[in-house]
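Lettering follows sequence order; numbering is per chain, from 1. Everything numeric here is computed off the predicted structure, so don't read it as measured data.
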Amino acid sequence: MAYWLFKSEPGSFSIEDLRHRPGMTEHWDGVRNYQARNYLRDAVKPGDLVLFYHSNIPEPAVVGIAEVVRGGYPDYTAFNPGSEHFDPKSSPVSPIWYMVDVRYVAAMPRPVPLEQIKGNPLLAAMPLVKRSRLSIQPVTPEEWRTILAMGGMTDL
DNA sequence: GCCAACGTTGGC
DNA sequence: GCCAACGTTGGC
């Protein structure tokens, strides 16, 4: 079982969107970066837990927890010319892009803002802190525990 | 809205 | 295969 951090712009998909569809799984699609793709295709597995991060807003923050319910499979939005994520180079026979499915687990009692994450020496090695734009990134068990504690979640 | 970081594209 | 140009991400 592994831990991850997934970024999303809340304007397109937020923890609230996930929370308001109880029991439903959501496709985490549209990832169009090779390093992130490799994680989705090869490493993200059912049962893994995810820090849900809101990016590109005045106070970016970790806002909740999701669980992976299906590991990497071809991102079919790449096959659809009508999709904003369409990629003519990807096809069902040789897909380039991958997606996973997640379900809602919890919202943080207190969102953990990027500013606090940057201020915690235990979290200094996170790609997030090192100004990486990577939208799917691994999280160590220690980082996971630290961020959950900062967010007031003691029971996960 | 700006712009730094950095990934991708394409000419050579 | 290099690298300049270009596009995107995402913090501020």
Measure the distance from CG on A:N56 to C1' on B:dA5 and round it to the nearest whole Å. 14 Å
Could you tell me the separation between the NZ atom of A:K130 and the P atom of B:dG7, rounded to a whole number of Å? 13 Å
Counting side-chain heavy atoms from C-beta on, which of B:dT8, C:dG11, C:dG10 comes nearest to A:Y34? B:dT8
How close or far is atom P of C:dT8 from atom CG of A:N33, stated in whole angstroms? 14 Å
When the distance from CD1 of A:I96 to P of B:dG7 is rounded to whole Å, what number comes out? 18 Å
Taking the six-membered ring for Trp, are A:F79 and A:W97 ring centroids under 6.0 Å apart? no
Value rounded to 0.5 Å, distance of CD in A:E143 from OG1 in A:T146: 7.5 Å
Looking only at side-chain N and O atoms, does A:H85 offer a donor or acceptor that is under 3.5 Å from a partner on A:Y76? no
To the nearest Å, how far apart are A:K7 NZ and B:dC6 C1'? 12 Å
What's the CZ-P distance between A:R133 and C:dG11, to the nearest Å? 11 Å
A:L114 CG - C:dG10 C1' separation (whole Å): 10 Å
Taking the six-membered ring for Trp, are A:W28 and A:Y98 ring centroids under 6.0 Å apart? no
To the nearest Å, give me how far apart CG (A:L128) and C1' (C:dT9) are. 13 Å
